[in-house]
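Numbers for residues simply follow the sequence, beginning at 1.
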Amino acid sequence: MSLSVLRWLLAPRTSLLARRIRKNGHHEMSPDTAWRLARLRLHPDEVPYRNHGHNPPS
């Protein structure tokens, strides 16, 4: 099972928001980056995980 399908099954709201982020003018953003941004917008309590080395690749 691919990662994108797994994300849609486990977190549909996050996946939908990530799709909207890319659709609304952020076409150059990768789907993975958009998903992480959406995840942090919907679940701000997960920000400490990002701050401890789980940053998206630059």
Side-chain angles (χ1 to χ4, degrees):
M1 185 178 300
S2 72
L3 181 60
S4 60
V5 172
L6 187 61
R7 284 180 173 171
W8 271 103
L9 292 173
L10 296 176
R13 268 184 63 206
T14 303
S15 298
L16 185 60
L17 180 58
R19 179 176 258 189
R20 286 183 187 160
I21 289 171
R22 290 195 70 219
K23 182 181 176 186
N24 292 332
H26 297 285
H27 300 288
E28 70 280 349
M29 185 181 294
S30 74
D32 189 49
T33 302
W35 195 90
R36 290 178 186 193
L37 180 63
R39 186 73 186 171
L40 292 176
R41 284 185 187 176
L42 291 174
H43 303 280
D45 55 315
E46 293 183 5
V47 170
Y49 293 110
R50 182 175 178 197
N51 294 338
H52 288 287
H54 296 279
N55 292 326
S58 13

Under 4.5 Å side-chain linkage, directly or through intermediates, the cluster mates of Leu40: Val47
Salt bridge (charged side-chain N to carboxylate O under 4.0 Å, His left out): pairs with one or both residues in residues 4-16, sequence neighbours excluded: Arg7-Asp32
Salt bridge (charged side-chain N to carboxylate O under 4.0 Å, His left out): pairs with one or both residues in residues 15-31, sequence neighbours excluded: none
Heavy-atom pair with the smallest gap, counting every atom of Ala38 and Ala18: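 That closest heavy-atom pairing would be CB-N, 3.7 Å.
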side-chain contact (heavy atoms from CB on, under 4.5 Å) involving Leu9 - partner list, sequence neighbours excluded: Met1, Val5
For Leu37, all residues meeting side-chain contact (heavy atoms from CB on, under 4.5 Å), sequence neighbours excluded: Ile21, Met29, Arg41
Sole candidate of Thr14, Leu3, Leu17 that passes side-chain contact (heavy atoms from CB on, under 4.5 Å) when paired with Trp35: Thr14
